[in-house]
Amino acid sequence: MELIPVIDLMGGAVVHARRGARDAYRPIETPLCAGAGPLDVADGLLALGAFRTLYIADLDAIAGKGGHDAVLGRLAARHPALALWVDAGEANPEALARRVAQGPGRPVVGSESLASPDAAVEALAAGGGVLSLDYGPEGPRGPAELHARPSLWPDAVIVMTLARVGAGEGPDLDRLGDILARAEGRRVYAAGGVRDAADLHRLADLGIAGVLLASALHDGRLSRQDIGAFTG
């Protein structure tokens, strides 16, 4: 199972994401580095283990307030062997095809950014993207048919339980189990709620392909030894 650190970008800084309440996010305070600069935070996270992928949520781009592609370009240049997964709220097929072809990063298509199942088909037709099935406290976000029909999903699917992001309540094992049972061999990634190494092992035993991590890395609940057990 792959461990994937996460950084959430807003206003040029990395912010502390909690329960999906984006208006309340504030610049992160972490023992991994001084300040909340994206390159510094990324360096601090990558120093914890041999991670292969970094997930970036560009919250300004998602909100239609510009984006951080220049920062992502510098990050890619600084860590050329690192794969970047980028959620910039992109749902336009042309924009997604451009990111696939030119970068920076591999696009993540969030279900909350899609207006209809047809829009999902068009967005994912660019190929190379990762689908994020987004779940808020109210339930599935985006087209209900997209959540219900695995035939619409690409080969990599994130289950994003926003109410558990930064909450330390544990992964949503029931939802993950349901998605896995319907995924027809697709790789399923968990996002939200990981507390400790025991949660990682539960997810691995469930058959999860990878897990997105932030708070448990910053506050030390996952040690270098815990991380090394999965990253080598």
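The figures here come from the full heavy-atom set of this structure, side chains too, leaving out hydrogens, waters and symmetry mates.
- Side chains of Asp118 and Ser116: a donor-acceptor N/O pair is absent below 3.5 angstrom, by distance only.
- With contacts defined as side-chain heavy-atom distances shorter than 4.5 Å, the pair Val130/Pro154 does not qualify.
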Does Val15 form a side chain to side chain contact (heavy atoms under 4.5 Å, CB included) with Leu9? I'd like the steps, not just the answer.
CA-CA 6 Å; Val15 294; Leu9 296 180; over 6 Å; no
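- Here the straight-line distance linking atom CG of Leu213 with atom CG of Leu200 works out to 6.0 Å at 0.5 Å rounding.
- Considering CD of Gln102 and CZ of Arg98, their distance stands at 7.0 Å, rounded to 0.5 Å.
- Remark: Glu184 engages Arg186 in a side chain to side chain donor-acceptor pair (under 3.5 Å) (not counting sequence neighbours).
- In this structure, Leu146 is a member of the same hydrophobic cluster as Leu180, with clusters built from ILVMFWY side-chain heavy atoms closer than 4.5 Å.
- Taking the side chain as every heavy atom from C-beta outward, Arg106 and Val86 never approach each other to under 4.5 Å.
- At a threshold of 4.5 Å between non-hydrogen side-chain atoms, the residues Leu217 and Pro5 count as touching.
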Let me see the working for Ser215 and Arg221 under side chain to side chain contact (heavy atoms under 4.5 Å, CB included), right down to the final yes or no.
CA-CA 8 Å; Ser215 296; Arg221 282 175 289 149; 3.6 Å; yes
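- Results of the side-chain contact (heavy atoms from CB on, under 4.5 Å) test with Trp85 over Leu54, Ile56, Ile158 single out Ile158 as the only residue that passes.
- Applying the side-chain contact (heavy atoms from CB on, under 4.5 Å) rule to Ile28 yields the partners Val14, His16, Thr30, Ala36, Val41, His218; only residues at least two apart in sequence or on another chain are considered.
- Residue Arg195 holds its CZ atom at 13.0 Å from CG of Asp219, rounded to the nearest 0.5 Å.
- Under the rule for a side chain to side chain donor-acceptor pair (under 3.5 Å), Glu29 has no partner lying at least two apart in sequence or in another chain.
- Among all heavy-atom pairs drawn from Leu114 and Ala120, the shortest one is CD1-CB, 3.8 Å.
- Looking at Leu72 and Asp69, their side chains come closer than 4.5 Å, going by heavy atoms from C-beta outward.
- Scanning both residues, Ile62 and Gly89, for their nearest heavy atoms gives CG1-N, 3.4 Å.
- Looking only at distances, a side-chain donor or acceptor of Asp134 sits under 3.5 Å from a matching main-chain atom of Ser111.
- How far NE2 of His201 is from CG of Asp226: 7.0 Å, rounded to the nearest 0.5 Å.
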Going through the checks in order, is the side chain to side chain contact (heavy atoms under 4.5 Å, CB included) test met by Leu152 and Leu124?
CA-CA 9 Å; Leu152 299 176; Leu124 296 167; 5.7 Å; no
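- Proximity of Trp153 to Ile179: side-chain heavy atoms (C-beta onward) are separated by under 4.5 Å at one or more points.
- For the atom pair Leu162 CG and Asp172 CG, the distance stands at 11.5 Å (nearest 0.5 Å).
- Listed here is the closest heavy atom pair of Ala204 and Phe230: CB-CE2, 4.1 Å.
- The shortest distance between side-chain heavy atoms of Val159 and Val188 falls below 4.5 Å.
- Within the model, atoms CD1 of Ile208 and CG of Leu203 stand 6.0 Å from one another, a figure rounded to the nearest 0.5 Å.
- Listed here is the closest heavy atom pair of Gly128 and Pro107: O-CD, 4.3 Å.
- Listed by chain and residue number, nothing satisfies the ring-ring contact (aromatic ring centres under 6.0 Å, His included) test with Phe51 (two or more places apart in sequence, or in another chain).
- For Gln225, the CD atom counts as loosely surrounded, since its 6.0 Å shell holds 12 or fewer non-hydrogen atoms of other residues, nucleotides or ligands.
- Between Leu82 and Leu46 there is a side-chain heavy-atom pair separated by less than 4.5 Å.
- Nearest approach of Arg141 to His147, heavy atoms of both residues: O-NE2, 2.9 Å.
- Every pair passing side chain to side chain donor-acceptor pair (under 3.5 Å) that includes a residue from residues 42-59 is listed here, sequence neighbours excluded: Glu2-Arg52, Glu2-Thr53, Asp43-Arg78, Asp43-His79, Asp58-His68.
- Remark: Arg175 is positioned above the aromatic ring of Tyr135, its terminal NZ or CZ atom under 6.0 angstrom from the ring centre and at most 45 degrees off the axis.
- For the pair Val6 and Asp8, the minimum side-chain heavy-atom distance is below 4.5 Å.
- Closest of all the heavy-atom pairs between Arg224 and Ala47 is NH1-O, 2.7 Å.
- Considering only residues two or more places apart in sequence or on other chains, Asp60 meets the salt bridge (charged side-chain N to carboxylate O under 4.0 Å, His left out) condition with none of them.
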Leu3 and Leu212: side chain to side chain contact (heavy atoms under 4.5 Å, CB included), yes or no, with the steps?
CA-CA 6 Å; Leu3 307 188; Leu212 277 57; over 6 Å; no
